[in-house]
Amino acid sequence: GPAATLLCEFLEAAVHLLLSIRGLYSPEVFERRRYMNCLIHWARHPGLQQYIHNVVYSLHTWIKQGVVDKIALVVHNKENVAVEKYIFKLQVDLSFEGEFRLNDLEPDLRAFFMKIGASRHLLLPLPPDCSWELVAYSKQMQTTESSGDLAWIPTEIGAWAHPPLITPIKSMKSQFLNVQLYVEQPKV
C-alpha cells in the first residue's frame, strides 16, 4: 500500500540523516539533498545507498501486512556492544480506505527530519569505530517467509542490562500512520 511505501521512503531518508548526524561516516561521505522540502544529508557512496535502500525496502511487505512493530537503528561500539538505539515505533492502519495525499503528511515528515537534525545536541558523542545495523521488531514472527531478496533473520537483540535512558525525539499522528521516534542509551 501507499502507506508502506511512504514509510519506507521516509525511513530510508531518516537512516541517511542519522548516519550523518551521529558521525558514523566522515562528513565528506554525505551530500545535501532535498527531500520533503527539507535539506538532509544523504550518503553519496553508491554501495552504501544501495545497501540502505535494500534493507529498508525489504521490510515493505511486512509493514504492509502490519507485522512490524518497531524499526531500530542500533549503534554498536568496537566491542560490538550496543551504545545507542534510534527506535521508530510504527502504527499503520491497514484498513485505511480514504484518499491518501503525500502533501497532507509533508509538514509532519519535514518536522521529523528537523527534530532528527536537532537531536545531535541531546546526545552524548559516540565512541570511535562504531558500527550500525537496522533491526526490525515484529508483533509476531513469520520465519518461513522472506521479503524480497534480503531475508531478515530472527535474532535476540539483547535488552539493556538496566532500564535505558530514553530521549523522545518526535511523534506524528495521521489518519493511517503513527510514528514515534525515541533514542535509548544505556544509563552510565
Side-chain angles (χ1 to χ4, degrees), residues 1-22 24 33-43 48-75 84-119 132-142 145-155 157 166-184:
T5 303
L6 172 73
L7 194 53
C8 285
E9 196 179 284
F10 163 73
L11 284 167
E12 182 177 15
V15 167
H16 281 273
L17 185 57
L18 288 170
L19 294 177
S20 165
I21 67 160
R22 295 311 280 144
L24 288 157
R33 271 198 196 172
R34 247 183 205 295
Y35 175 72
M36 297 272 168
N37 286 325
C38 199
L39 274 178
I40 62 166
H41 291 103
W42 197 272
L48 184 54
Q49 285 179 6
Q50 194 61 54
Y51 176 74
I52 294 168
H53 180 83
N54 290 349
V55 169
V56 170
Y57 278 84
S58 68
L59 287 170
H60 188 273
T61 307
W62 287 332
I63 291 170
K64 228 167 46 185
Q65 291 170 358
V67 176
V68 179
D69 180 38
K70 297 185 281 201
I71 295 169
L73 182 113
V74 183
V75 179
E84 193 169 88
K85 296 176 189 174
Y86 271 86
I87 297 177
F88 295 86
K89 181 137 181 49
L90 312 174
Q91 284 177 300
V92 183
D93 179 0
L94 300 164
S95 63
F96 180 74
E97 295 290 337
E99 185 61 34
F100 163 74
R101 291 202 319 280
L102 190 57
N103 298 0
D104 301 341
L105 281 185
E106 196 176 292
D108 289 324
L109 294 174
R110 200 168 45 239
F112 235 100
F113 289 118
M114 290 162 83
K115 280 289 198 187
I116 290 173
S119 71
W132 63 277
E133 66 178 333
L134 274 182
V135 178
Y137 296 80
S138 65
K139 293 171 187 154
Q140 71 268 7
M141 198 62 220
Q142 298 163 319
E145 185 182 355
S146 80
S147 172
D149 42 3
L150 269 188
W152 283 72
I153 300 156
T155 178
I157 178 122
I166 293 178
T167 308
I169 304 292
K170 181 89 179 104
S171 62
M172 170 186 111
K173 282 191 182 325
S174 75
Q175 289 176 290
F176 62 88
L177 179 64
N178 297 343
V179 183
Q180 262 183 317
L181 172 62
Y182 55 94
V183 181
E184 287 185 359

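Given the structure is predicted, the values throughout are model-derived calculations rather than measurements. Basis for what follows: all heavy atoms, side chains included, without hydrogens, waters or symmetry-related copies.
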Can you tell me how far [atom2] of [Y] sits from [atom1] of [X], rounded to the nearest 0.5 angstrom?
| X | Y | atom1 | atom2 | answer |
| --- | --- | --- | --- | --- |
| N54 | E12 | CG | CD | 9.0 Å |
| I166 | E184 | CD1 | CD | 5.0 Å |
| H60 | T5 | NE2 | OG1 | 3.0 Å |
| M36 | E106 | CE | CD | 6.0 Å |
| L90 | I63 | CG | CD1 | 6.0 Å |

So, do [X] and [Y] sit near enough that their side-chain heavy atoms are less than 4.5 Å apart?
| X | Y | value |
| --- | --- | --- |
| L11 | F88 | yes |
| E84 | Y86 | yes |
| Q49 | H53 | no |
| S119 | T167 | no |
| V74 | L134 | no |
| H16 | I52 | yes |
| I71 | V135 | no |

Closest non-hydrogen atom pair between [X] and [Y], with its separation:
| X | Y | answer |
| --- | --- | --- |
| Q180 | S171 | CG-CB, 3.6 Å |
| A136 | L59 | CB-CD2, 3.6 Å |
| D108 | K173 | OD2-O, 4.4 Å |
| L177 | L6 | CD2-CD2, 4.2 Å |
| V56 | C8 | CG1-O, 3.3 Å |
| A13 | F113 | CB-CZ, 3.6 Å |

Kindly write out the residues that satisfy side chain to side chain contact (heavy atoms under 4.5 Å, CB included) with L39, not counting sequence neighbours, or none if the list is empty.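 For L39, the residues satisfying side chain to side chain contact (heavy atoms under 4.5 Å, CB included) (neighbours in sequence not counted) are R32, R34.
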Dump the intermediate steps for side-chain contact (heavy atoms from CB on, under 4.5 Å) on L73 and K85, then the final yes or no. CA-CA 6 Å; L73 182 113; K85 296 176 189 174; over 6 Å; no
As a quick check of understanding, evaluate side-chain contact (heavy atoms from CB on, under 4.5 Å) for I87 and V183, giving each step before the final call. CA-CA 6 Å; I87 297 177; V183 181; over 6 Å; no
Please walk me through it: do Y35 and E9 pass side-chain hydrogen bond (donor to acceptor under 3.5 Å, both in side chains)? CA-CA 10 Å; Y35 175 72; E9 196 179 284; 3.0 Å; yes
Counting only heavy atoms not in Q91 (residues, nucleotides, ligands), do more than 12 fall under 6.0 Å from its CD?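 Check fails, neighbour count at 12 or below.
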Within a radius of less than 6.0 Å around NZ of K115, do more than 12 heavy atoms belonging to other residues, nucleotides or ligands occur?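 Count not over threshold, so no.
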Should the pair F112 and F10 be assigned to parallel (<30°), tilted (30 to 60°) or perpendicular (>60°) ring geometry?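 Rings of F112 and F10: perpendicular, as their planes differ by over 60°.
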Please evaluate residues V179 and K89 with respect to the criterion side-chain contact (heavy atoms from CB on, under 4.5 Å), reporting the C-alpha separation (whole Å), side-chain torsions for both, the decisive distance (0.1 Å), and the verdict. CA-CA 6 Å; V179 183; K89 181 137 181 49; over 6 Å; no
Please step through side-chain contact (heavy atoms from CB on, under 4.5 Å) for the pair L109 and M172, ending with a clear verdict. CA-CA 8 Å; L109 294 174; M172 170 186 111; 3.8 Å; yes
